[in-house]
Amino acid sequence: MTDTTATLAAGLREGYSLPRQFYTSDAIFADDMREIVSRKWIMAGHASQIPNVGDYVLFHVGQEQIILIRDTAGEVGAFYNLCRHRGSTLCSAQSGNARKLVCPYHAWTYGLDGALISARLMPDDFNKADNGLIACHSRVYHGLIFINLSEDAPDDFDATFGEFDAILDYHGFANAKVAHIGHYPTAANWKLVVENFLECYHCQPAHPEFCSMHPADALLAVGAGPSSGPNEAMASYGPVLAAWEEKAAAMGRPLGNVDDGPETTHLRLLMQRTMREGYISETEDGQPASTLMGKRQDWDFGRMHLAFSPMSHIVADNDFAMMFRFTPRTAMTTDVDILWLVDGQAENYDVEKMVWGWDRTTLQDKTITEDNQTGILSHRYTPGRYSQQERGLETFQKWYLRHLGLAHAG
Ligand code: FES
Ligand code: FE
(Lines give C-alpha, C1' and ligand atoms only; values in the text may rest on other atoms or scores of the structure.)
(Ligands and ions follow the chains in the order given, each with its own letter.)
Protein backbone atom coordinates (compact mmCIF):
# COMPACT_ATOMS: atom_id res chain seq x y z
CA MET A 1 0.00 0.00 0.00
CA THR A 2 1.51 3.30 -1.04
CA ASP A 3 -1.00 5.35 0.94
CA THR A 4 -0.54 5.40 4.65
CA THR A 5 -3.53 5.07 6.89
CA ALA A 6 -3.12 8.71 7.84
CA THR A 7 -3.25 9.82 4.20
CA LEU A 8 -6.39 7.80 3.65
CA ALA A 9 -8.04 9.12 6.79
CA ALA A 10 -7.31 12.66 5.66
CA GLY A 11 -9.38 12.06 2.50
CA LEU A 12 -12.47 10.99 4.44
CA ARG A 13 -15.39 13.38 4.69
CA GLU A 14 -18.55 12.63 6.57
CA GLY A 15 -21.55 12.67 4.25
CA TYR A 16 -19.41 11.99 1.17
CA SER A 17 -18.57 8.81 -0.73
CA LEU A 18 -15.22 7.16 -0.01
CA PRO A 19 -11.92 8.14 -1.64
CA ARG A 20 -10.98 6.16 -4.74
CA GLN A 21 -8.50 3.74 -3.14
CA PHE A 22 -11.23 2.21 -1.01
CA TYR A 23 -12.86 0.96 -4.20
CA THR A 24 -9.73 0.00 -6.16
CA SER A 25 -6.79 -0.95 -3.96
CA ASP A 26 -5.72 -4.56 -3.50
CA ALA A 27 -4.18 -3.64 -0.14
CA ILE A 28 -7.43 -2.18 1.16
CA PHE A 29 -9.32 -5.17 -0.19
CA ALA A 30 -6.98 -7.39 1.84
CA ASP A 31 -7.81 -5.26 4.90
CA ASP A 32 -11.53 -5.60 4.12
CA MET A 33 -11.20 -9.36 3.88
CA ARG A 34 -9.20 -9.67 7.08
CA GLU A 35 -11.11 -7.22 9.27
CA ILE A 36 -14.66 -7.59 7.97
CA VAL A 37 -15.46 -10.36 5.50
CA SER A 38 -13.52 -13.04 7.39
CA ARG A 39 -15.17 -12.15 10.70
CA LYS A 40 -18.83 -11.98 9.74
CA TRP A 41 -21.50 -14.62 9.42
CA ILE A 42 -22.15 -14.83 5.68
CA MET A 43 -25.26 -16.38 4.16
CA ALA A 44 -23.84 -18.98 1.79
CA GLY A 45 -26.83 -21.02 0.65
CA HIS A 46 -30.03 -22.83 1.53
CA ALA A 47 -30.26 -26.34 2.95
CA SER A 48 -32.63 -27.37 0.14
CA GLN A 49 -29.73 -27.07 -2.32
CA ILE A 50 -28.19 -30.19 -0.75
CA PRO A 51 -31.14 -32.35 0.32
CA ASN A 52 -29.47 -35.79 0.21
CA VAL A 53 -26.52 -37.38 2.01
CA GLY A 54 -23.36 -36.57 0.04
CA ASP A 55 -24.86 -33.59 -1.81
CA TYR A 56 -22.49 -30.66 -1.91
CA VAL A 57 -22.26 -27.17 -3.35
CA LEU A 58 -19.30 -24.79 -3.41
CA PHE A 59 -19.38 -21.25 -2.06
CA HIS A 60 -16.61 -18.85 -3.11
CA VAL A 61 -15.59 -15.86 -1.01
CA GLY A 62 -12.38 -13.92 -1.66
CA GLN A 63 -9.74 -16.57 -2.43
CA GLU A 64 -11.54 -19.16 -0.35
CA GLN A 65 -13.74 -21.98 -1.55
CA ILE A 66 -16.02 -23.61 0.96
CA ILE A 67 -17.62 -27.03 0.43
CA LEU A 68 -21.13 -27.12 1.92
CA ILE A 69 -21.93 -30.81 2.25
CA ARG A 70 -24.56 -33.02 3.87
CA ASP A 71 -23.01 -35.81 5.95
CA THR A 72 -24.26 -39.31 6.70
CA ALA A 73 -26.13 -38.05 9.77
CA GLY A 74 -28.01 -35.59 7.57
CA GLU A 75 -26.20 -32.56 8.99
CA VAL A 76 -24.73 -29.78 6.85
CA GLY A 77 -20.99 -29.29 7.26
CA ALA A 78 -18.60 -26.73 5.78
CA PHE A 79 -14.98 -27.41 4.83
CA TYR A 80 -12.26 -25.50 3.02
CA ASN A 81 -11.91 -26.98 -0.45
CA LEU A 82 -8.31 -28.04 -0.17
CA CYS A 83 -6.53 -31.30 0.40
CA ARG A 84 -4.40 -31.69 3.51
CA HIS A 85 -1.65 -33.46 1.51
CA ARG A 86 -0.20 -30.74 -0.71
CA GLY A 87 -3.17 -28.47 -0.97
CA SER A 88 -4.91 -29.40 -4.20
CA THR A 89 -8.47 -28.34 -4.77
CA LEU A 90 -10.60 -31.28 -3.73
CA CYS A 91 -13.93 -30.64 -5.48
CA SER A 92 -13.69 -29.01 -8.89
CA ALA A 93 -17.38 -29.27 -9.79
CA GLN A 94 -19.53 -26.46 -8.39
CA SER A 95 -22.00 -28.99 -7.04
CA GLY A 96 -22.54 -32.72 -6.99
CA ASN A 97 -23.01 -35.81 -4.88
CA ALA A 98 -20.19 -37.84 -3.40
CA ARG A 99 -19.96 -40.88 -1.13
CA LYS A 100 -16.43 -39.82 -0.24
CA LEU A 101 -14.27 -36.88 -1.21
CA VAL A 102 -11.30 -38.18 -3.21
CA CYS A 103 -8.49 -35.80 -4.03
CA PRO A 104 -7.84 -35.86 -7.79
CA TYR A 105 -4.06 -35.43 -7.26
CA HIS A 106 -2.86 -38.41 -5.16
CA ALA A 107 -6.20 -39.83 -4.06
CA TRP A 108 -6.23 -39.04 -0.39
CA THR A 109 -9.82 -39.84 0.57
CA TYR A 110 -12.03 -38.07 3.08
CA GLY A 111 -15.40 -38.95 4.59
CA LEU A 112 -18.42 -36.66 4.39
CA ASP A 113 -17.55 -35.53 7.92
CA GLY A 114 -14.12 -34.34 6.70
CA ALA A 115 -12.13 -37.14 8.35
CA LEU A 116 -9.19 -38.52 6.37
CA ILE A 117 -10.03 -42.15 5.59
CA SER A 118 -7.12 -43.26 3.46
CA ALA A 119 -3.73 -42.00 2.30
CA ARG A 120 -1.38 -44.40 0.54
CA LEU A 121 2.26 -45.12 1.48
CA MET A 122 2.49 -42.63 4.31
CA PRO A 123 5.27 -43.00 6.94
CA ASP A 124 4.50 -44.91 10.15
CA ASP A 125 4.37 -41.76 12.22
CA PHE A 126 1.72 -40.12 9.99
CA ASN A 127 -1.51 -39.64 11.89
CA LYS A 128 -4.67 -39.60 9.80
CA ALA A 129 -6.62 -38.10 12.68
CA ASP A 130 -4.51 -34.93 12.40
CA ASN A 131 -5.16 -34.55 8.68
CA GLY A 132 -8.89 -34.17 8.25
CA LEU A 133 -10.32 -31.40 6.13
CA ILE A 134 -10.22 -27.93 7.66
CA ALA A 135 -13.65 -27.15 8.98
CA CYS A 136 -15.23 -23.74 8.50
CA HIS A 137 -17.63 -22.38 11.11
CA SER A 138 -21.14 -22.98 9.86
CA ARG A 139 -24.70 -22.81 11.04
CA VAL A 140 -28.01 -23.74 9.45
CA TYR A 141 -30.60 -21.26 10.67
CA HIS A 142 -34.19 -21.66 9.45
CA GLY A 143 -32.82 -23.44 6.38
CA LEU A 144 -30.32 -20.67 5.62
CA ILE A 145 -26.70 -21.86 5.61
CA PHE A 146 -24.24 -19.41 7.15
CA ILE A 147 -20.47 -19.67 7.20
CA ASN A 148 -17.87 -17.69 9.12
CA LEU A 149 -14.20 -17.70 8.05
CA SER A 150 -12.93 -16.49 11.40
CA GLU A 151 -9.93 -18.35 12.78
CA ASP A 152 -10.97 -17.29 16.26
CA ALA A 153 -14.31 -17.87 17.95
CA PRO A 154 -16.84 -16.04 15.78
CA ASP A 155 -19.52 -13.66 17.07
CA ASP A 156 -22.15 -15.69 18.90
CA PHE A 157 -24.73 -16.56 16.25
CA ASP A 158 -27.80 -16.70 18.45
CA ALA A 159 -26.91 -13.56 20.34
CA THR A 160 -26.53 -11.77 17.00
CA PHE A 161 -29.56 -13.09 15.11
CA GLY A 162 -31.82 -14.81 17.64
CA GLU A 163 -34.36 -12.02 17.61
CA PHE A 164 -35.21 -12.91 14.01
CA ASP A 165 -36.55 -16.35 15.01
CA ALA A 166 -40.23 -15.42 14.94
CA ILE A 167 -39.94 -13.58 11.62
CA LEU A 168 -38.08 -16.39 9.85
CA ASP A 169 -40.41 -18.98 11.31
CA TYR A 170 -43.49 -17.08 10.15
CA HIS A 171 -42.15 -16.70 6.63
CA GLY A 172 -41.31 -20.40 6.42
CA PHE A 173 -37.64 -20.24 5.44
CA ALA A 174 -36.85 -23.62 7.02
CA ASN A 175 -39.43 -25.41 4.86
CA ALA A 176 -38.66 -23.52 1.68
CA LYS A 177 -36.95 -24.83 -1.43
CA VAL A 178 -34.86 -23.12 -4.08
CA ALA A 179 -36.91 -22.50 -7.22
CA HIS A 180 -34.29 -20.61 -9.22
CA ILE A 181 -30.77 -19.21 -8.84
CA GLY A 182 -29.54 -16.15 -10.72
CA HIS A 183 -25.86 -15.21 -10.97
CA TYR A 184 -24.88 -11.59 -11.69
CA PRO A 185 -21.08 -11.38 -11.32
CA THR A 186 -20.30 -7.69 -11.04
CA ALA A 187 -17.05 -5.94 -11.96
CA ALA A 188 -17.05 -3.62 -8.98
CA ASN A 189 -15.73 -3.43 -5.45
CA TRP A 190 -18.01 -5.11 -2.93
CA LYS A 191 -18.69 -1.81 -1.16
CA LEU A 192 -20.14 -0.31 -4.34
CA VAL A 193 -22.45 -3.32 -4.67
CA VAL A 194 -23.53 -3.04 -1.04
CA GLU A 195 -23.92 0.73 -1.17
CA ASN A 196 -26.14 0.39 -4.21
CA PHE A 197 -28.41 -1.99 -2.26
CA LEU A 198 -28.51 0.30 0.78
CA GLU A 199 -30.01 3.27 -1.02
CA CYS A 200 -33.11 3.80 -3.11
CA TYR A 201 -32.02 7.20 -4.51
CA HIS A 202 -31.31 5.33 -7.74
CA CYS A 203 -34.58 3.37 -7.81
CA GLN A 204 -36.60 5.91 -9.73
CA PRO A 205 -34.04 6.64 -12.48
CA ALA A 206 -32.73 3.07 -12.80
CA HIS A 207 -35.49 0.59 -11.94
CA PRO A 208 -38.82 1.05 -13.79
CA GLU A 209 -39.98 -2.51 -13.05
CA PHE A 210 -39.12 -2.29 -9.36
CA CYS A 211 -40.85 1.09 -9.02
CA SER A 212 -43.96 -0.28 -10.74
CA MET A 213 -44.46 -2.73 -7.86
CA HIS A 214 -43.98 -0.34 -4.94
CA PRO A 215 -45.54 2.87 -3.59
CA ALA A 216 -43.37 5.87 -4.48
CA ASP A 217 -43.65 7.36 -0.99
CA ALA A 218 -42.56 4.06 0.59
CA LEU A 219 -39.49 3.93 -1.66
CA LEU A 220 -38.63 7.50 -0.72
CA ALA A 221 -39.09 7.01 3.01
CA VAL A 222 -37.91 3.45 3.64
CA GLY A 223 -36.96 2.02 0.24
CA ALA A 224 -33.64 0.67 1.49
CA GLY A 225 -34.36 0.27 5.19
CA PRO A 226 -36.08 1.94 8.13
CA SER A 227 -34.07 5.16 8.00
CA SER A 228 -32.82 5.21 4.43
CA GLY A 229 -34.83 8.26 3.34
CA PRO A 230 -35.50 11.81 4.52
CA ASN A 231 -37.21 12.03 7.91
CA GLU A 232 -40.12 14.06 6.58
CA ALA A 233 -40.90 11.42 3.92
CA MET A 234 -42.65 9.34 6.55
CA ALA A 235 -45.33 12.01 6.87
CA SER A 236 -47.20 10.69 3.84
CA TYR A 237 -46.26 7.01 4.09
CA GLY A 238 -46.43 6.61 7.88
CA PRO A 239 -50.26 6.41 8.13
CA VAL A 240 -50.41 3.88 5.26
CA LEU A 241 -47.79 1.76 6.98
CA ALA A 242 -49.52 1.98 10.37
CA ALA A 243 -52.87 0.89 8.87
CA TRP A 244 -51.22 -2.10 7.19
CA GLU A 245 -49.36 -3.07 10.34
CA GLU A 246 -52.61 -3.19 12.24
CA LYS A 247 -54.19 -5.52 9.68
CA ALA A 248 -51.06 -7.68 9.36
CA ALA A 249 -50.73 -8.05 13.12
CA ALA A 250 -54.37 -9.15 13.33
CA MET A 251 -53.52 -11.88 10.79
CA GLY A 252 -50.72 -13.13 13.04
CA ARG A 253 -47.74 -11.58 11.30
CA PRO A 254 -44.89 -10.73 13.69
CA LEU A 255 -43.99 -7.08 13.17
CA GLY A 256 -41.09 -4.87 14.16
CA ASN A 257 -38.17 -3.17 12.48
CA VAL A 258 -34.43 -3.34 13.20
CA ASP A 259 -32.07 -0.54 12.27
CA ASP A 260 -28.55 -1.26 13.51
CA GLY A 261 -26.03 1.55 13.88
CA PRO A 262 -22.30 1.73 13.08
CA GLU A 263 -21.29 0.38 16.49
CA THR A 264 -22.91 -3.03 15.88
CA THR A 265 -21.12 -6.17 14.71
CA HIS A 266 -23.31 -6.99 11.69
CA LEU A 267 -25.26 -3.81 10.80
CA ARG A 268 -28.54 -5.74 10.67
CA LEU A 269 -31.68 -4.31 9.13
CA LEU A 270 -35.32 -5.35 9.17
CA MET A 271 -38.05 -3.46 7.34
CA GLN A 272 -41.61 -4.58 6.80
CA ARG A 273 -43.89 -2.52 4.60
CA THR A 274 -46.60 -2.52 1.95
CA MET A 275 -46.34 -2.95 -1.75
CA ARG A 276 -48.17 -0.88 -4.35
CA GLU A 277 -51.91 -0.82 -3.74
CA GLY A 278 -53.48 -3.95 -5.19
CA TYR A 279 -50.15 -5.76 -5.44
CA ILE A 280 -50.06 -9.08 -3.62
CA SER A 281 -46.55 -9.96 -4.69
CA GLU A 282 -43.53 -8.51 -6.48
CA THR A 283 -44.63 -9.57 -9.96
CA GLU A 284 -45.49 -7.68 -13.14
CA ASP A 285 -49.26 -7.79 -12.55
CA GLY A 286 -49.04 -7.99 -8.78
CA GLN A 287 -50.59 -11.44 -8.68
CA PRO A 288 -48.86 -14.34 -6.90
CA ALA A 289 -46.36 -16.60 -8.62
CA SER A 290 -46.67 -19.41 -6.07
CA THR A 291 -48.65 -20.56 -3.05
CA LEU A 292 -48.56 -18.93 0.38
CA MET A 293 -45.32 -19.45 2.28
CA GLY A 294 -44.89 -20.16 5.95
CA LYS A 295 -47.51 -19.81 8.60
CA ARG A 296 -49.74 -17.29 6.89
CA GLN A 297 -53.33 -18.24 6.12
CA ASP A 298 -54.11 -15.41 3.74
CA TRP A 299 -52.50 -12.71 1.61
CA ASP A 300 -51.52 -9.64 3.60
CA PHE A 301 -50.05 -7.42 0.83
CA GLY A 302 -46.84 -6.92 2.81
CA ARG A 303 -43.14 -7.36 2.20
CA MET A 304 -40.19 -8.02 4.47
CA HIS A 305 -36.52 -7.07 3.92
CA LEU A 306 -33.97 -8.39 6.38
CA ALA A 307 -30.19 -7.93 6.29
CA PHE A 308 -28.05 -10.27 8.40
CA SER A 309 -25.14 -8.07 7.38
CA PRO A 310 -24.47 -5.76 4.42
CA MET A 311 -23.43 -8.88 2.47
CA SER A 312 -26.45 -11.07 3.25
CA HIS A 313 -30.04 -9.98 2.65
CA ILE A 314 -33.39 -11.72 2.32
CA VAL A 315 -36.64 -10.36 0.96
CA ALA A 316 -39.95 -12.16 1.55
CA ASP A 317 -43.22 -11.61 -0.24
CA ASN A 318 -46.26 -13.71 0.68
CA ASP A 319 -45.59 -16.42 -1.90
CA PHE A 320 -41.86 -16.36 -2.61
CA ALA A 321 -38.68 -15.08 -1.07
CA MET A 322 -35.25 -14.12 -2.28
CA MET A 323 -31.79 -14.57 -0.78
CA PHE A 324 -29.33 -11.89 -1.94
CA ARG A 325 -25.64 -12.75 -1.64
CA PHE A 326 -23.10 -9.97 -2.22
CA THR A 327 -19.79 -11.77 -1.95
CA PRO A 328 -16.42 -10.03 -2.27
CA ARG A 329 -14.01 -11.88 -4.60
CA THR A 330 -11.26 -9.42 -5.57
CA ALA A 331 -10.73 -5.68 -5.19
CA MET A 332 -12.92 -5.00 -8.20
CA THR A 333 -15.09 -8.09 -8.58
CA THR A 334 -18.07 -9.19 -6.52
CA ASP A 335 -20.34 -12.18 -6.85
CA VAL A 336 -24.00 -11.16 -6.82
CA ASP A 337 -26.40 -14.07 -6.57
CA ILE A 338 -30.11 -14.36 -5.95
CA LEU A 339 -31.73 -17.57 -4.77
CA TRP A 340 -35.52 -17.53 -5.23
CA LEU A 341 -37.37 -19.63 -2.66
CA VAL A 342 -40.90 -21.03 -2.61
CA ASP A 343 -42.73 -23.18 -0.10
CA GLY A 344 -41.22 -26.66 0.04
CA GLN A 345 -44.56 -28.20 -0.97
CA ALA A 346 -45.29 -25.80 -3.84
CA GLU A 347 -45.60 -27.46 -7.24
CA ASN A 348 -47.22 -25.13 -9.74
CA TYR A 349 -45.08 -22.08 -9.24
CA ASP A 350 -44.22 -19.77 -12.11
CA VAL A 351 -40.48 -19.11 -12.17
CA GLU A 352 -40.64 -16.61 -15.03
CA LYS A 353 -43.28 -14.56 -13.22
CA MET A 354 -41.35 -14.79 -9.96
CA VAL A 355 -38.02 -13.58 -11.33
CA TRP A 356 -39.46 -10.86 -13.61
CA GLY A 357 -38.89 -7.99 -11.20
CA TRP A 358 -35.66 -8.79 -9.43
CA ASP A 359 -33.84 -10.36 -12.36
CA ARG A 360 -34.32 -7.18 -14.36
CA THR A 361 -33.59 -5.00 -11.34
CA THR A 362 -30.36 -6.85 -10.58
CA LEU A 363 -29.17 -6.70 -14.17
CA GLN A 364 -29.77 -2.94 -13.99
CA ASP A 365 -27.88 -2.82 -10.68
CA LYS A 366 -24.99 -4.70 -12.27
CA THR A 367 -24.76 -2.11 -15.04
CA ILE A 368 -24.99 0.96 -12.80
CA THR A 369 -22.57 -0.46 -10.25
CA GLU A 370 -20.01 -1.38 -12.90
CA ASP A 371 -20.39 2.11 -14.40
CA ASN A 372 -19.86 3.50 -10.90
CA GLN A 373 -16.61 1.52 -10.62
CA THR A 374 -15.43 2.66 -14.05
CA GLY A 375 -16.02 6.31 -13.18
CA ILE A 376 -14.20 5.97 -9.88
CA LEU A 377 -11.14 4.61 -11.72
CA SER A 378 -10.67 8.06 -13.23
CA HIS A 379 -8.02 10.08 -11.45
CA ARG A 380 -10.44 13.01 -11.50
CA TYR A 381 -12.91 11.21 -9.24
CA THR A 382 -13.39 12.89 -5.89
CA PRO A 383 -15.80 11.82 -3.14
CA GLY A 384 -19.30 13.16 -3.77
CA ARG A 385 -21.97 14.39 -1.38
CA TYR A 386 -24.72 11.99 -0.29
CA SER A 387 -28.39 12.93 -0.72
CA GLN A 388 -31.04 12.74 1.99
CA GLN A 389 -32.12 9.42 0.46
CA GLU A 390 -28.67 7.89 1.02
CA ARG A 391 -28.61 7.96 4.79
CA GLY A 392 -27.96 4.22 4.92
CA LEU A 393 -24.65 4.86 3.18
CA GLU A 394 -23.47 7.17 5.93
CA THR A 395 -24.24 4.48 8.48
CA PHE A 396 -22.56 1.78 6.38
CA GLN A 397 -19.50 3.95 5.87
CA LYS A 398 -19.08 4.60 9.60
CA TRP A 399 -19.55 0.89 10.33
CA TYR A 400 -17.00 0.02 7.64
CA LEU A 401 -14.38 2.55 8.74
CA ARG A 402 -14.67 1.52 12.37
CA HIS A 403 -13.61 -2.01 11.41
CA LEU A 404 -10.51 -0.63 9.70
CA GLY A 405 -9.67 1.59 12.66
CA LEU A 406 -10.43 4.71 10.61
CA ALA A 407 -12.81 7.56 11.31
CA HIS A 408 -13.82 10.89 9.86
CA ALA A 409 -11.81 13.79 11.19
CA GLY A 410 -14.01 15.76 13.58
FE1 FES B 1 -4.43 -34.20 -2.47
FE2 FES B 1 -1.96 -35.01 -2.87
S3 FES B 1 -2.70 -32.96 -2.93
S4 FES B 1 -3.70 -36.19 -2.43
FE1 FE C 1 -30.91 -1.09 -7.36
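First listed ligand is number 1; within each ligand, the first listed atom is number 1. Residue numbers count from 1 along this sequence. In this text, all values refer to a predicted model and were calculated from it rather than measured experimentally.
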Atoms of ligand 1 close to [X] [distance to a heavy atom under 4.0 angstrom, numbered from 1]:
X      : result
Ala107 : 4 (S)
Trp108 : 4 (S)
Ser88  : 3 (S)
Cys103 : 1 (Fe), 3 (S), 4 (S)

Test applied, side chain to side chain donor-acceptor pair (under 3.5 Å); reference residue, Gln397; option that passes from Arg402, His408, Lys191: His408
Tyr349 side chain near Thr291 side chain, heavy-atom distance below 4.5 Å: no
Atom name, [X] (N, O or S, nearest to the Fe ion (ligand 2)):
X      : value
His202 : NE2
His207 : NE2
Asp365 : OD1

Greater than 12 external heavy atoms within 6.0 Å of Glu35's CD: yes
Protein heavy atom at shortest distance from atom 3 (S) of ligand 1: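 Nearest protein contact, heavy atoms only, for atom 3 (S) of ligand 1 is Arg86 N, 3.4 Å.
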Salt bridge present between Asp55 and Arg70 (N-O < 4.0 angstrom): no
Under-4.0 Å salt bridge between Asp300 and Lys247: no
Member of His207, His313, His202 meeting the ring pair (Phe, Tyr, Trp, His ring centres under 6.0 Å) criterion with Phe197: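 Result: among His207, His313, His202, His313 is the only option passing the ring pair (Phe, Tyr, Trp, His ring centres under 6.0 Å) with Phe197.
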Least distance between heavy atoms, Leu219 atom then Arg273 atom: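 Answer, listing the atom of Leu219 first, then Arg273: CD2-NH2, 3.7 Å.
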Atom 2 (Fe) of ligand 1 reached by His85 (N, O or S, under 2.8 Å): yes
Atom 2 (Fe) of ligand 1 to His106: nearest N/O/S atom name: ND1
